[in-house]
Amino acid sequence: MTNFRLKATITLTLATIAVVLLAVSGDYLSLDFIQQNIEALKQEYNSAPIAFAVAFIGFYLLFVALYLPGPFVLNLLAGAIFGPLVGTVLASLAAALGSVVAFAVSRYILYDAVRGRFPGQAISMDKTIEEKGSFYVLLLRLMPGLPVGLTNLLMGVTSISAMTFFTATLIGVVPWIGFYVVAGGELASIRTPGDIVSLEMCLIALALILLLALGHWLSKRLSDPRTPIRRRGHFV
């Protein structure tokens, strides 16, 4: 292992330990804790908005990069502090940056390990990337329930560029993140995930269902051999 890879691995390990300890100690990312401290957090944001936003992005992307639980509550927090528009932008940017960090770790540090652990999935995903390009990444982000961490790692061992991966991820995460960020505006009254119910949220959920159905249809359309498709997912 080269000095760079050794240092990067040590740094990644230490960062993982630090974040895990922070997440599990003190229950800092529980709804109760954030609801009790929401006003103090808003005051911190108002006193130094840029620094607070940068810190939020850094904190969020670390959780995504290390595939740790927490982004759900952070999305709600973004809505409560920044508002629906700015909150969605910041949370989506953080999610995309965190995914790129995991992508880069897979490509430059864990490439052989990921290829060796998931040979079939890596080959299949690489072939699909060659055929559909960034559109495939966009479809993966729009589909709920997929393991984000594994997707980021597998994308790192494909031929897709980091910028293309980042752009497609950024666009693809906006609908789902926006849903929870908007719900975060009612953070004070939320006690459980089941409390995220309102006419506005129901309409957004309906829009997400329609978007999901469209993505599923496009996915089947692109996989149909009768569909005129060439490399990188362009229709011709």
Side-chain angles (χ1 to χ4, degrees), residues 19 22-24 26-46 49-50 52-99 102 137-149 151-152 168-216:
V19 173
L22 178 63
V24 300
D27 213 14
Y28 290 120
L29 285 181
S30 68
L31 282 174
D32 288 339
F33 178 85
I34 291 179
Q35 287 169 330
Q36 292 170 8
N37 294 274
I38 189 65
E39 294 303 323
L41 291 171
K42 287 182 178 180
Q43 290 178 7
E44 290 291 332
Y45 170 60
N46 292 330
I50 295 179
F52 190 93
V54 171
F56 174 83
I57 290 175
F59 192 67
Y60 191 122
L61 76 84
L62 197 55
F63 273 80
V64 174
L66 300 176
Y67 197 43
L68 297 172
F72 165 72
V73 176
L74 290 174
N75 289 333
L76 298 176
L77 181 63
I81 294 179
F82 305 113
L85 180 58
V86 176
T88 299
V89 171
L90 293 178
S92 298
L93 178 61
L97 289 173
S99 294
V137 181
L138 182 60
L139 284 177
L140 290 179
R141 295 311 185 191
L142 292 175
M143 298 291 287
L146 294 179
V148 176
T151 301
N152 292 337
T169 297
L170 180 61
I171 296 173
V173 299
V174 167
W176 300 108
I177 287 179
F179 177 83
Y180 291 109
V181 170
V182 171
E186 304 296 329
L187 185 60
S189 61
I190 294 175
R191 293 292 178 268
T192 67
D195 293 335
I196 307 176
V197 178
S198 67
L199 177 59
E200 182 180 22
M201 298 309 298
C202 287
L203 291 175
I204 295 176
L206 178 60
L208 289 175
I209 292 173
L210 293 175
L211 184 62
L212 177 60
L214 176 61
H216 180 69

Taken to the nearest 0.5 Å, the spacing of L62 CG from L66 CG works out to 4.5 Å

How many angstroms lie between CD1 in I177 and CZ in F72, if you round to the nearest 0.5 Å? 13.0 Å

What is the distance from atom CG of N46 to atom CZ of F52, rounded to the nearest 0.5 Å? 9.5 Å

Side-chain donor-acceptor pairs of residues 87-96 under 3.5 Å, sequence neighbours excluded:
from, atom 1, to, atom 2, distance (Å)
T88, OG1, P84, O, 2.6
S92, OG, T88, O, 2.7

One pair to check against side chain to side chain contact (heavy atoms under 4.5 Å, CB included): E44 and I81. What are the steps and the verdict? CA-CA 10 Å; E44 290 291 332; I81 294 179; over 6 Å; no

So, using ring-ring contact (aromatic ring centres under 6.0 Å, His included) as the criterion, who are the partners of F56 when residues are at least two apart? Y60, F82

How long is the gap from CG on L139 to CZ on R141, to the nearest 0.5 Å? 12.0 Å

Any side-chain heavy atom of Y180 sitting closer than 4.5 Å to one from P71? no

Show your reasoning for whether side chain to side chain contact (heavy atoms under 4.5 Å, CB included) applies to I38 and L77. CA-CA 8 Å; I38 189 65; L77 181 63; 3.8 Å; yes

Where K42 and A80 come nearest, the two heavy atoms and their spacing: CE-O, 3.2 Å

Separation between CG of L74 and CD1 of I57, rounded to the nearest 0.5 Å: 12.0 Å

